Each structure stands twice: as C-alpha cells, then as structure tokens.
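The block underneath contains the structure these notes are about, expressed in structure tokens.
Counting convention: from 1, in listed order, for ligands and their atoms alike. Owing to the predicted nature of the structure, the values given are computational and were not obtained by experimental measurement.
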Amino acid sequence: MARVAVIGAGTMGHALALVFALGGHRVRLTDSNPETLAKAQGLMETALATLVEGGEAPKDWTSGHLAQAVTRHESLEEAVDGAELIVEAIIEVPEAKRALYERLDACAPPDAAIASNTSHLDVFPLIPAARQRRAMIAHWYTPPYLVDLVDMIPGPQCEPAAFEQVFGMLKAMGKQPLGLKKFVPGYVANRIQAAIGLEVQHLLDEGVATAPEIDAAIIHGLALRLPILGYYAKADFTGLPLMQAVGRNKSYTPPEPRGSSPVLDRLVAEGRTGVLAGAGYYDWPDDPAKLFEARDRRLIALKQAMREIGTMAGLERDA
Ligand SMILES: NC(=O)c1ccc[n+]([C@@H]2O[C@H](COP(=O)([O-])OP(=O)(O)OC[C@H]3O[C@@H](n4cnc5c(N)ncnc54)[C@H](O)[C@@H]3O)[C@@H](O)[C@H]2O)c1
Ligand SMILES: O=C(O)[C@@H](O)[C@@H](O)[C@H](O)[C@@H](O)CO
C-alpha cells in the first residue's frame, strides 16, 4: 500500500482518487477550490456504487470504506505530508502547473514521485530541478476507473527505478500503462483523438454535418470495429493495396489546424461548457451525477462484453 496524494479534485482528480483507493492505496485528495473538493465526495460515492453494482469493484466497498481510503484536505501541505506518489491533476494551464510544482518542491517529501496527468503539455521544464529525478507523466483517460490505458513518460532525468515503480504499481492495479521513451505531445491515443477532434470540428464549423450526425457516423460506423480490431488489424481486413491507393490519390487532406473553432468558442461563451454545466454540444438537463452513472453503466456493460468477445489485434492480453 502506497500513500498517494491527488492534487486537483475536478473531473479527473476525484476519479483518480477512487482508482488509487480501489487499487489498495491510501489517498489524500486536495483542490484549491473548497467547493470542488466537497463535491468530489458525492461523485466518488456514486461512481463507486455503480462499479460495485456492475461487478467492477468488490462488494464490500461501501461509502464508509471509501471514506477511510480517501480523505479530503483543503491544505496542500497536509495532503502531501508523507506522500510517496503525488498525482497532479490540476487545470491544463502551464503557469498554474509551474506554480504548483514550486509549492510541492517546498512541502512534499524529497523522495515523492510526481506524476502529471497532463493531456498534452510538456510539463518537465516546469518542474524544479530537485524534483526531476522522480518526475513523470502518467496520463489517464476519463473515467479512469473504467478506461485502463495510462500513457507513461519518464521525465528526461527521471531515475528508471522511480518510473518502473509507478509503472508496476499501475499494472498491479489492473491498468494498462503504455510506456513511451520520451515526451511527444498527446502520446498515442490523445494524438489520434486530437486528429479526430480537428476533423470533426472542421466538419461542424464548415456546416458539412451537425454534431449528432457526426456522432452517429462515429457510433454507427467507426466505433463497432475499433474495440476488436484497433486501426492496424482493421487495415489488414480492408486490404493494404486499397490503403496504398487512397494514399497515392491524396484524396484526403487534413484540415489546417486553426487553434480555435467558431462553434466551440460560441458554446463556451454561452456557458455551455459540458455535462457539469447542463449543456455543451448537446443539452444535458439531468443531474450530472446521474449522467455519469448512466455513462458508467454503459461502459461497464461494454467492457464486460469486450472481455467475453476478445480482440483480434494480437494483443498480449488476448494471447
Ligand atoms: N477531463 C478529462 O477528460 C481529462 C482526461 C485526462 C487528462 N486530463 C488532464 O487532467 C488535468 C485535470 O483536468 P480536469 O478535466 O480534471 O480539470 P478540472 O478543471 O475538472 O479540474 C481541475 C481542478 O484543479 C483545481 N486546481 C487548479 N489549480 C490548483 C492548484 N494549484 N492546487 C490544487 N487544485 C488546483 C481546480 O480547482 C479544479 O477543480 C489536466 O491536466 C487535463 O489536461 C483531463
Ligand atoms: O480522452 C480523454 O479522457 C483524455 O485523452 C483527455 O486528455 C482529454 O479528453 C483530452 O482529449 C482533451 O483534449
């Protein structure tokens, strides 16, 4: 059992606290916003109840059990006191992360590993020199208690033993850490997701299709094969000469990255920031906790079906 501090209790932080608790670790959770920290309790409890009901967490995990495994702390110093692993899950703003790492340098145990959940940032230049030997990225996908992939990148001066320790810890928790040798923005899955993002925003901004139409194309077209074949096994079923021909014809040109999307900017300006705000690309009038629950139930059913079905991509797990 390790002592883990999770910094940031928002969309990812509360869920990561739950993941590490379920993994058998003792977790302290903190956030600079006391309201967010307070709300995290209810979100963790709902997620835990859904996991228990779906058979993805042990039956004896009650909210009392959770309260013992995860404690909430308004003070950063208190949260990191005695921590062996610090999971940084604060906002994706370089200056905020830099300021936090400086504070951590002053108050965290000298041997604590720091693992950033950053989606795309090269955080290593933001981390003080004294912390470099145990600095790494461990990037999770939401909800991390159901999505197993964790992208892992050691910092340029990270000691291999420190990296392997955290890598092994995540493996022991039943996760699928994917170790990359050096930082590349977005790792593997987030780069693919970013490319999809660029294309779907282009299609929407240009009025080619609506958000529901684009989602229908993904859900009823692409998504069915992906869990079984990934990309390359699907290509083998397509036939590689066709892929060559498509490439040769240059029939696809990716949209120019513009750094912004007019539709996205309008939605955010209108306060339609996503499920937690009750609306985003879609309207979400229900209680967010209920919506997370509805999503999680479906993900559990899918995950369990996938375990039964197996993939055809020759992955280690299916051997
Ligand atoms: N949302 C996702 O799907 C997702 C998935 C994987 C990775 N990430 C990454 O995880 C990180 C967090 O993302 P999120 O979606 O949970 O964001 P979020 O906005 O939901 O939560 C971030 C939290 O950090 C808190 N915070 C800000 N500065 C702080 C500080 N100095 N100390 C303590 N708390 C602080 C905020 O109050 C907020 O509650 C980002 O780096 C993001 O790129 C997000
Ligand atoms: O998909 C996820 O959960 C993650 O990849 C996140 O890091 C996040 O959603 C990013 O894709 C945001 O661009």
Item to check | Close side-chain approach of L29 and T71, heavy atoms under 4.5 Å | outcome: no
Next on the checklist: Under a 3.5 Å threshold, yes or no: a donor from one side chain and an acceptor from the other, between S261 and D205?
Outcome noted: yes
Checklist entry - When you check the gap from the basic side-chain N to the acidic O, do E88 and R98 get nearer than 4.0 Å? => result no
Enumerate the pairs of nitrogen or oxygen atoms, one from ligand 2 and one from the protein, separated by less than 3.5 angstrom; state names and distance to 0.1 Å.
from     : atom 1 : to   : atom 2 : distance (Å)
ligand 2 : 1 (O)  : Q193 : NE2    : 2.8
ligand 2 : 3 (O)  : T142 : N      : 2.9
ligand 2 : 5 (O)  : N190 : OD1    : 2.3
ligand 2 : 5 (O)  : N190 : ND2    : 3.3
ligand 2 : 5 (O)  : Q193 : NE2    : 3.1
ligand 2 : 7 (O)  : S119 : OG     : 2.6
ligand 2 : 7 (O)  : H139 : NE2    : 2.8
ligand 2 : 7 (O)  : N190 : ND2    : 3.1
ligand 2 : 11 (O) : N190 : OD1    : 3.3
ligand 2 : 11 (O) : Q193 : NE2    : 2.9

Ligand 1 N/O to protein N/O, distances under 3.5 Å:
from     : atom 1 : to   : atom 2 : distance (Å)
ligand 1 : 8 (N)  : N117 : ND2    : 3.4
ligand 1 : 8 (N)  : S119 : OG     : 3.3
ligand 1 : 10 (O) : N117 : ND2    : 2.8
ligand 1 : 16 (O) : T11  : N      : 3.3
ligand 1 : 16 (O) : M12  : N      : 2.8
ligand 1 : 20 (O) : T11  : N      : 2.9
ligand 1 : 20 (O) : T11  : OG1    : 3.1
ligand 1 : 26 (N) : S32  : OG     : 3.4
ligand 1 : 34 (N) : S32  : N      : 3.1
ligand 1 : 34 (N) : S32  : OG     : 3.4
ligand 1 : 37 (O) : D31  : OD1    : 2.6
ligand 1 : 39 (O) : D31  : OD1    : 3.4
ligand 1 : 39 (O) : D31  : OD2    : 2.6
ligand 1 : 41 (O) : I90  : O      : 3.2
ligand 1 : 41 (O) : E92  : OE1    : 2.6
ligand 1 : 41 (O) : K97  : NZ     : 2.8
ligand 1 : 43 (O) : E92  : OE1    : 2.9
ligand 1 : 43 (O) : S119 : N      : 3.3
ligand 1 : 43 (O) : S119 : OG     : 2.6

Next on the checklist: Which residues end up grouped with I91 if you chain together Ile, Leu, Val, Met, Phe, Trp and Tyr wherever their side-chain heavy atoms are less than 4.5 Å apart?
Outcome noted: V93
Item to check | Shortest non-hydrogen contact between L170 and P177, atoms and distance | outcome: CB-CG, 4.2 Å
Checklist outcome for this item: Rounded to the nearest 0.5 angstrom, the CZ-CG distance for R272 and D283 is 4.5 Å
Checklist entry - Should side-chain heavy atoms under 4.5 Å link Ile, Leu, Val, Met, Phe, Trp and Tyr, which residues sit in the same cluster as L276? => result L43, F292
Item to check | Salt bridge D148-K303, side-chain N to carboxylate O under 4.0 Å | outcome: yes
Checklist entry - More than 12 foreign heavy atoms under 6.0 Å from CD of Q68: is that the case here? => result no
